Enquirer: 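The following block contains the structure, expressed as structure tokens.
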Amino acid sequence: QVQLVESGGGLVQPGGSLRLSCAASGITFRFYRMGWYRQAPGKQRELVARVTNDGSINYADSVKGRFTISRDNAKNTVYLEMNSLKPEDTAVYYCGANRNALAIDYWGQGTQVTVSS
């Protein structure tokens, strides 16, 4: 049974930080690209950050220099460290796993991140 279990979302002040975690089970984690995506109300879901099985990383331009993605294959977990948060970062954040296809194979349930004073 495949599960991606996210944690770490919440309410934070502008300029604050949060760390999101996504623990995967039921997949051979080391074979998968792991990504963080977000969707704000009325907007398309967008890629925030992605890390491949060999450690290659890319970020959306809007989060470069502020967010850091990392993975721990021993723990089957991917993290997103978010710093200098802005109100426009407010969204539901989703963990996604994909192997070779363009489409995401598995999604987490999403965790709400709200940046507000």
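Every value quoted in this text rests on a predicted model; they were computed, and no experiment measured them.
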Enquirer: Can any side-chain N or O of E6 pair as donor or acceptor with the backbone N or O of G110 at less than 3.5 Å?
Expert: yes

Enquirer: Scan side-chain atoms only and decide if R45 and Y37 contain a donor-acceptor pair under the 3.5 Å cut-off.
Expert: no

Enquirer: Set out, in order, the CA-CA distance, both residues' side-chain angles and the distance that settles side-chain contact (heavy atoms from CB on, under 4.5 Å) for M34 and C95, then state yes or no.
Expert: CA-CA 7 Å; M34 301 298 300; C95 176; 3.6 Å; yes

Enquirer: With a 4.5 Å cut-off on side-chain heavy-atom distances among I, L, V, M, F, W and Y, is there a chain of contacts connecting L11 to V92?
Expert: no

Enquirer: Determine the minimum heavy-atom distance between G9 and V113, stating which atoms define it.
Expert: CA-CG2, 4.2 Å

Enquirer: Starting from the C-alpha separation in whole Å, work towards a yes-or-no answer on side-chain contact (heavy atoms from CB on, under 4.5 Å) for V115 and Q13.
Expert: CA-CA 5 Å; V115 185; Q13 299 276 353; over 6 Å; no

Enquirer: Hydrophobic clustering (ILVMFWY, side-chain heavy atoms < 4.5 Å, transitive) - are I69 and M82 grouped together?
Expert: yes

Enquirer: Mind listing the closest non-hydrogen atom pair of S21 and T77 along with its distance?
Expert: CB-CG2, 4.4 Å

Enquirer: With hydrophobic residues grouped by side-chain heavy-atom distances under 4.5 Å, do W107 and I27 end up in a single group?
Expert: no

Enquirer: Take Y79 and L20 through the test side-chain contact (heavy atoms from CB on, under 4.5 Å) and record every step on the way to the result.
Expert: CA-CA 6 Å; Y79 305 94; L20 307 183; over 6 Å; no

Enquirer: Quick one: closest heavy-atom pair of R71 and Y32, and the distance?
Expert: NH1-O, 2.8 Å

Enquirer: Treat each ILVMFWY residue as a node, draw an edge where side-chain heavy atoms are under 4.5 Å apart, and state whether Y93 and V12 are in one component.
Expert: yes

Enquirer: Would you confirm whether the ring centroid of F67 sits within less than 6.0 angstrom of the ring centroid of W36?
Expert: no

Enquirer: Taking R66 for the side chain and S84 for the main chain, is one N or O donor matched with an acceptor at less than 3.5 Å?
Expert: yes

Enquirer: Kindly give the heavy-atom pair with the smallest separation between Y59 and V63, and that separation in Å.
Expert: CB-CG2, 4.0 Å

Enquirer: Out of curiosity, R33 CZ to I57 CD1, how far, rounded to the nearest 0.5 Å?
Expert: 13.0 Å

Enquirer: If hydrophobic clusters are built by linking Ile, Leu, Val, Met, Phe, Trp and Tyr wherever their side-chain heavy atoms come under 4.5 Å apart, do F31 and V51 end up in the same one?
Expert: yes

Enquirer: Can you tell me how far apart CD (Q112) and OG1 (T90) are? Round to the nearest 0.5 Å.
Expert: 7.0 Å

Enquirer: Of all the heavy-atom pairs spanning L4 and C22, show the shortest one and how long it is.
Expert: CB-SG, 3.9 Å

Enquirer: For R50 and N58, test the side chains for any donor-to-acceptor distance below 3.5 angstrom and give the result as yes or no.
Expert: yes

Enquirer: Can a side-chain donor-acceptor contact be found between S56 and D54 if the only test is distance below 3.5 angstrom?
Expert: no

Enquirer: I need the D89 CG to S116 OG distance, nearest 0.5 Å.
Expert: 12.5 Å

Enquirer: Do the side chains of D61 and K64 get close enough for a salt bridge, i.e. N-O under 4.0 angstrom?
Expert: yes

Enquirer: On the six-membered ring of Y94, is R38 placed so that its NZ or CZ lies under 6.0 angstrom from the centre and within 45° of the ring axis?
Expert: no

Enquirer: Output the distance between atom CG (N73) and atom CG (N53), rounded to the nearest 0.5 Å.
Expert: 8.5 Å

Enquirer: Using side-chain heavy atoms (C-beta onward) and a distance below 4.5 Å, is L85 in contact with L18?
Expert: yes

Enquirer: Is the closest side-chain donor-acceptor distance between T111 and Q109 under 3.5 Å?
Expert: no

Enquirer: If every non-hydrogen atom of A24 is compared with every non-hydrogen atom of F29, which pair is closest and at what distance?
Expert: CB-CD1, 3.7 Å

